[in-house]
Amino acid sequence: MSKNALWRLLALLCALAMVASACGGGSDDAAEDSADTETEAAEEEEAMEDEEADAEASEDEEAMEEEAAAGDGATISYWLWDGNQQPFYEQCAADFTAESGINVEITQFGWADYWDGLTAGFATGDVPDVFTDHLARYPEFIDAGVLVPLNDFIDADGVATDIYFPGLADLWVAPDGSRYGLPKDFDTIALVVNEALLEDAGLTLDDVSNLDWNPTDGGSLEAVAAQLSVDANGVRGNEDGFDASDVVQYGFMSQTNYADAFGQTGFSMLTGANGWDFLDTNPWGSVYNYGDAEFTDTIGWMASMVEKGFSPDSETLAGTGSDTIFDAGQAAIMPDGSWKIGTWSTSENVDAAFVPTPVGPSGNRASMFNGLADSITTASENPEAAWEWVKYMASPACQETIGAGGVVFPAIESGAKLAEEAFLANGVDVSAFTVHVDEGTTFTFPIAGQAGEVSNIMGDAIDTVIRGEGDASTISAANDEVNELLAG
Amino acid sequence: MTTAAAPVAGSDASAEKPKRGKSSVDNDGWKVAIWFLLPSLIGFLVFYLIPTIRAIRLSFQKVSILNPAAATSVGWENYTDIMEDADFWNSAWVTLQYVVINIGIQTVLALGLAVLMSRLTESLIVRATILLPWILPNILVGLLFLFIFDPTVGIVAQVFKFFGFDPIAFLASTTWVIPALALINVWKFTGYTALLFFAGLQTIPKMLYEAGSIDGATEWQMFRSITIPLLRPILALVMVVSLIGSFQVFDVVAAAGGGVQGSPGDPLGKSRVLYLYIYENAFLFQNKFGYAAALATILMIFLTVITLLQLRLLRADQSDLA
């Protein structure tokens, strides 16, 4: 090809490219939007950098003081999503740096951004050395081989894995025996009640502190829920003439949207008390039990509560959100997790108290027992330093610091006791949450693969039943579908 | 593009001195042009062509986004699975409903607005005002309408209550979520589309309307017999562009679908548009990155076919003005 012809061809290509990219730009707002999000992201980053700079400044000072002593000088990055806990982990990091000479750079993201960032980060290798891991996500991470097994580190350092509340540490052991995290905290479920609404109904806290429940008539939970439901004319749910289609105050409300496969603050404390388990074995089950009568009966009862007007329907719950409804005093009883103790005890709109979840047909209460842990990424350039940090966070020293903060319950008993005291010092009785641990009525978060897809399929099936558009067979059909997915 | 001047260059340019001058000017033109075109070419290669080719390759693999290096080839499996995937057909159906409502209403409204603008006012302020919704970022629009449509605090609910109706949770209702989302984007894009039509209307000679009115034609008759036929090439282009955009709806659905506490795709998957389903497969589901790429490839092929068909049917390359 002659030189001139080559030039022409190139120019032609360029012209084509212009046309193509012009079309692309005009036909699709993606370009515009990505620009927008980029600027937003940049702004956020700036804001975050400012925060980080502050944190770093204080860390640097302390690091410098200690440099003569330890002088390791390595820096590792750590991500977490709960902003409430960040100050206490900053404190842990400062103590850790003083001890080991390893600097820790802590970054916090909101829940959704956190997982998006990690997912994108794993694809590009741009992930932190250590991050707060969640049971629902980590099977996928193991499957992709992006986490470092801790077994060798644990053996070499002789770290004890039995110092945590029973069951928490084992959740992080893969079927092949590899351990991918050391527990940092736990959470349980209790019922949050609006005391002012109780009083209006002529009830006291004692009346709701020992509730029982069954899927047939709802037990005393349904009875108080009826009494606490009020329609637009001021008629209560246990009185004649209650208008279920025009309710202004609900007696009982699921905290999670109904379209949720794990119902941690939705159905799980009821299905658990009904003697139901998510999986054939947990962790690492291969068959889900959603088709069991214990489960479908419970969902059926929840649907009946919606029909009777004692619980909000799917549209109300998804539309406005349970927290908004509860905070507005439009719902009296709502199950919620221990991570929300701070939210409700400091609410300016409601006077909230915590009572234990109801005792079910199994004869016991039940609460999902979920624990977070810290994991090390294979992308980490300094796994030894990362391990030191993980080890420190899993030690009594750090967990007591976290516990004293009174934000979450650490996984070690001494830390959890400090947390309980810190809550009490603020006037909050959290025994409704800890009773599950004391009485051994916890069951663990279901750990199996494909959580994202399972969540979609089962969530829709459950919501279909709540909306009155399906029955137990809808759920068992979806159960077959998710089991096929797990098997495939 | 003018290609007529090209064939002179090459073999015997040096033999004929007189012609060389003209030819070299020509060549210089190309050489200058290339520098202006180069940035766009790089953009096209890096941001369009290479990712497209890579995505097509991924569509034949089973791959996790967490560990792209560990991809395994699965042949046509992703494509055959898609054909049997009820969720895919659901999202295709949902997207189609969205597009029909969105484009149908938007095009009629925009055309009406454009005709009103061109026949009644030349005001720059009016034209600028009409563009305002289009300037807002999509996510912002989604969040805005999340609250406008909220069954408790939203203004729409208040209006319903004022007139004695029960408020509807538009974005959490299986019946209303798609119409509501479609109307949100009608609100956003009608002004922009109207402005494109308006520009097209400016190319229609005024004398045709004068002739029409002398002949006693009504405004409606002129619209049907003068405006529509002469606007056809613009109409075709705008339809193609907005149809493609409509099929690719994502951000508004991601922000507003399902309501405040609902997740995108809610309720019951009734707002799970194709792009959302692609996103879920790529980023939320396990080992489905290649599956997502296959979905995207199918959508790309489908949109190409639709576009070609539309351009052909509307004879977009010919104008009745000529």
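Each chain gets a letter, A, B and so on, in the order the sequences are listed, and its residues count up from 1.
Heavy atoms of A/D260 lying under 4.5 Å from chain B are absent altogether. Looking at A/D246, there are no atoms closer than 4.5 Å to chain B (heavy atoms on both sides), in backbone or side chain. Neither the backbone nor the side chain of B/L171 has a heavy atom closer than 4.5 Å to any heavy atom of chain A. Interface residue A/F141: backbone and side-chain heavy atoms are both found under 4.5 Å from chain B. Contacts of B/S173 with chain A are made by both backbone and side-chain atoms, with heavy-atom separations under 4.5 Å.
One finds the OG1 atom of A/T464 at 4.0 Å from the CG atom of B/L268 (value rounded to the nearest 0.5 Å). Interatomic distance, CG of B/D87 versus CD1 of A/I457, reported as 6.5 Å (0.5 Å rounding).
The nearest pair of heavy atoms linking B/G269 to A/D460 is N-OD2, 3.7 Å. Among all heavy-atom pairs drawn from A/E315 and B/A172, the shortest one is CG-O, 3.3 Å. The shortest non-hydrogen separation linking A/A144 to B/S64 is CB-OG, 4.0 Å.
For the set A/S314, A/S322, A/S245, the entry with the most heavy-atom pairs within less than 4.5 Å of chain B is A/S322. Between chain B and the options A/N456, A/D463, A/T316, A/I325, the largest number of non-hydrogen pairs under 4.5 Å is found for A/N456. For the options B/Q286, B/E280, B/R272, heavy-atom pairs under 4.5 Å to chain A are most numerous at B/Q286.
The shortest side-chain heavy-atom distance between A/E140 and B/N287 does not fall under the 4.5 Å cut-off. Side-chain contact check for B/L284 versus A/W115: every heavy-atom pair is 4.5 Å or farther apart. The shortest distance between side-chain heavy atoms of B/K288 and A/E453 falls below 4.5 Å. Side-chain contact between A/R467 and B/P267 is present, with at least one heavy-atom pair separated by less than 4.5 Å.
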